[in-house]
Structure formats: structure tokens, C-alpha cells
Amino acid sequence: MSKIRMTTPLVEMDGDEMTRILWQYIKEELLVPFVDLKTEYYDLGLACRNETDDRVTVDSALATMKYGVAVKCATITPNAARMTEYNLKEMWKSPNGTIRAMLDGTVFRAPIVVKGIEPCVKNWKLPITLARHAYGDVYKNTEIKVPCEGTAELVFRAKDGTVISETIHEFDGPGIIQGIHNTVKSIESFARACFNYALDTKQDIWFATKDTISKKYDHTFKDIMQEIFDAEYKARFDEAGIEYFYTLIDDAVARVMKSKGGFIWACKNYDGDVMSDMVSSAFGSLAMMTSVLVSPSGVYEYEAAHGTVQRHYYKHLAGEETSTNSVATIFAWTGALRKRGELDKLPELQDFADKLERATLATIESGRMTKDLALITTLEKVTVLNSLAFIQAIRSELEAML
Ligand code: NAP
Ligand code: MG
């Protein structure tokens, strides 16, 4: 059998710990035997980030801008413990943070729905897609630990010398303050990314903030979304039979719990971070959630929504068997390959991505799965497979399909 052709390389961002092990298995078992895999490889594993003073992360984001499609493995965001574990020169920033800031995108996360894994919110019948604004707010904050009595002020100095200032608080003792920001440009591209995605996938879209309390910050998000919707999207939404509406974040949460799913929930950066974990866990597992960063210039970066699964990696290092779920990482690859196929007009590559996804779901539906899914499945006859055996089971399904 001749391998499926690629014409433009994918930007491949390798990562850390257990997901780095899965990455290798996926390539060896599910990709290289079938696809003439072309990638431009960047090692975002912590050791290499440390060696290159994190230059490799910036280079991988630049390559993504150049080629248009990337696939990323989960990576460690260093903390104090990692400083010693990896003997780091510096506490390098989160690679996702660096990449998102450079691509200025919106992250869309959707659960992978499969028979036998039922959401624990029983009225959820369809997937709920989270659209997370991926720039600014608390992720680009400046913080001060206030040591003593004093005045905290918020000051803006315009280029022309104009000064706008507000008192934050008169401290009569120690405390804390935080400065956050966003830009009109980034919020506008968030709005367009959300509305385009809603049109692409023909789903309603909801947006919510706390504008009753945050009358300038959150209210600006609300206003910009509405202005762009009315000016550029309303007619197309009417035509597609879908709707956009804004509500208060508390109300949104209540409605989401009572909904039947099948819509996009657009969130500010922090809400999106937290709510996507809630939605994915309720749909079954963090390991069954896809994630794609879409930039306003039309660049795509696909990844799994979960982390590096550190606990399983230490077991793996100790020579113990692991049963780590590779589904979200496989779907990161299929998402990227399908998009590459679409951009390069390679229907065979798109078809391969579809088949690999179907083979993955068919494997689970046949009762063969990893331990995390076995614990929550409604299927009766289940075989728990180890990390590699699960991927090999998908390979045999795939071979039968091809
Ligand atoms: P995690 O890697 O998501 O894992 C947390 C727990 O969730 C695991 O211990 C495991 O539970 C379960 N789990 C997650 N993914 C799984 C999978 N694929 N298969 C089976 N079980 C899975 O989060 P973490 O342990 O808090 O973080 C580890 C590292 O990941 C950190 O250094 C963090 O910085 C990084 N991280 C990276 C990203 C990213 O690159 N996008 C995102 C989040 C975190 P059990 O142990 O109970 O089996
Ligand atoms: Mg999170």
C-alpha cells in the first residue's frame, strides 16, 4: 500500500512526560505506517526549552505562523518543584501562554462524544464547545504584595501626556493588588473567531461576563461582541438559522446545566480555562477533550486539553504498566492532518483523519479502552488495555478500514 501524500509540513511541537511517550507511540503505530508524514519538528520538552533559553517555543510559534497548522503535545509549565527536578536556569513561562500571546487566538474545546461514555449531566445530549479568549486578563497580569499602609492607584499615561487615574484602595495594612488588561483589537478578533466558528459548525453561540459588576472591563467585551455581531454577522446567522445571545455569567452557568448541549459557549480567558475543565469532566474525562487555537489570521494549533499526566509518567519510569488515554492527543493529530488536507486540497489526507477518528471511537465502543474510561463506561463487557495496547487496538481497526 502506498502512503498517503502530504505537500506542506505540519509544525510538530513535542512535549513532556507521559504525553511525550504517547506521542511517539501514536507516530509509530498510527501515522508513519500510513502517511508520508511531513513535519517540521520543535522539541518543546522542558530540557530543550531550558537549553535554548525558551527560544524553541518562540521559533515553533513563528513556524506555525509560516505554515498555518501545528500539532502540540502537552508540556510542563514549570513551578518551584520543576526548577530542581530539571535543574532549570529560569522558571520558563507556560509554552501555551507564549504561543497564544504570539498567535492571539481563540481556543475552542469540544468533548469527544462516544457511545458508552455518558455525560454525568443527564440532559446533555450533544457536545458543548467552549470558546476561550486566549489573550490577556489574569494570564498577563501584574501583581504587587502590598507590605503596609498606603494608597494603590490605577494610572494610564497617554502618549500625548494625558493622565487618567483612579484610586484602587486606601490600604490601612498589608494586602494584595493586581493589574490586568486587554486590547480592543484582541477582543474584536475573539468576536470574529467565535462568530466564524459558529457559522462553520452551525451552532448557536452564547457569551457571558460579569458586566453588572465590571462596568467598564467586562462591559467592553459585551459591547464589542454585540457591535461586531450586528454589523457583520446578524444576517448570516439569520440565514443559517442560528443565534447569538449575551447573558450574565451566573445565568449562563445555570442555563448550561439545564441545556441539552449542541452550542458554543464563549468565555473570557479565565472563565474558559475553568469552565472547559468542568464541561470536559462532566462529559466523561479530561482525556476526551479536543482543543484548537484559531488565530485571527487563520492559523490553527491543535492539542489535547489535558496535561502531561505526570503521575502516570513516574509509574512508567518505575517500570510499571500504565493505562493512559491517548484519544485527545490522537484527535490533535487528526485535527491538524484534516486541516492540512483541506488547505492543501488533499482529500485522501482528510479521509485518513476521519478514518483514524472513527477507528479510535470504534475501539472504545467495542469495549477496549484505557482505565480512566473503564471506570466510567456504561458498557458491560470491557477490556482494560495498557497505553500501547490501546493504540495498537486502534491500529487494527484502522487497518481494517483502509
Ligand atoms: P494532567 O496531566 O492533566 O493530569 C491530571 C490527572 O488527570 C492525572 O493524574 C490523571 O488522573 C488524569 N488524566 C489526565 N489526562 C489523562 C489521560 N490522558 N489519561 C488518563 N488519565 C488522565 O494534569 P497535572 O497532573 O495537574 O499536570 C501535569 C503537568 O501538565 C504539569 O506540569 C502542568 O504544567 C502540565 N499541563 C500542561 C497542559 C498543556 O500543555 N496543555 C495543560 C495542563 C497541565 P489519575 O492520576 O487519577 O489517573
Ligand atoms: Mg486549565
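Counting starts at 1 for both ligands and their atoms, following the listed order. None of these values were measured; they are calculated from a predicted model. Just the heavy atoms: all of them, side chains too, but no hydrogens, waters or symmetry mates, feed the values below.
Nearest to atom 10 (C) of ligand 1 by heavy-atom distance, out of Lys72, His312, Arg82, Lys315, is His312. Scanning Thr77, Thr75, Thr308, Thr322 for the heavy atom closest to atom 37 (C) of ligand 1 points to Thr75.
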Using the side chain to side chain donor-acceptor pair (under 3.5 Å) rule, take Ser94 and Asn96 through it: C-alpha gap first, then chi angles, then the decisive distance, then the call. CA-CA 5 Å; Ser94 149; Asn96 284 328; 4.9 Å; no
Could you go through Tyr135 and His181, starting from their C-alpha distance and side-chain angles, then the distance that decides it, and tell me whether this counts as ring pair (Phe, Tyr, Trp, His ring centres under 6.0 Å)? CA-CA 9 Å; Tyr135 176 81; His181 78 279; 5.6 Å; yes
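Residue pairs that meet the ring pair (Phe, Tyr, Trp, His ring centres under 6.0 Å) test with at least one member in residues 308-337, sequence neighbours left out, are Trp23-Trp333.
Contacts with ligand 1 closer than 4.0 Å are made by side-chain heavy atoms of Glu303 only, the backbone lying farther away. The part of Arg311 lying near ligand 1 is the side chain, judged by heavy-atom distances below 4.0 Å. Counting heavy atoms closer than 4.0 Å to ligand 1, residue Met18 contributes nothing at all.
Atoms of ligand 1 found under 4.0 Å from any heavy atom of Gly307, numbered from 1 in the order shown, are 1 (P), 2 (O), 3 (O), 30 (O), 36 (N), 37 (C), 38 (C), 42 (C), 43 (C), 44 (C). Near Ala74, with a cut-off below 4.0 Å to any heavy atom, the atoms of ligand 1 are 40 (O). Those atoms of ligand 1 that come under 4.0 Å of a heavy atom in Asn96, given as number and element, are 39 (C), 40 (O), 41 (N). Applying the 4.0 Å criterion to heavy atoms of Thr324 picks out, from ligand 1, the atoms 17 (C), 18 (N), 19 (N). Close approach to Ala287 involves these atoms of ligand 1, each under 4.0 Å from a residue heavy atom: 16 (C), 17 (C), 18 (N), 19 (N).
For the pair Tyr217/Thr209, no side-chain contact is recorded, criterion being any heavy-atom separation below 4.5 Å from C-beta on.
The shortest N/O to N/O separation between Val309 and ligand 1 falls below 3.5 Å. Between Ser323 and ligand 1, not a single N/O pair is under 3.5 Å apart.
Although no hydrogens or angles enter the test, the distance criterion places a donor-acceptor pair under 3.5 Å between the side chain of Thr377 and the main chain of Gly116.
Under a cutoff of 6.0 Å and an axis angle of 45°, Arg132 and Tyr139 form a cation-pi pair.
With sequence neighbours excluded, the residues satisfying side chain to side chain donor-acceptor pair (under 3.5 Å) with Glu399 are Arg395.
With hydrogens and angles left out, the side-chain atoms of Gln350 and Asp354 include no donor and acceptor closer than 3.5 Å.
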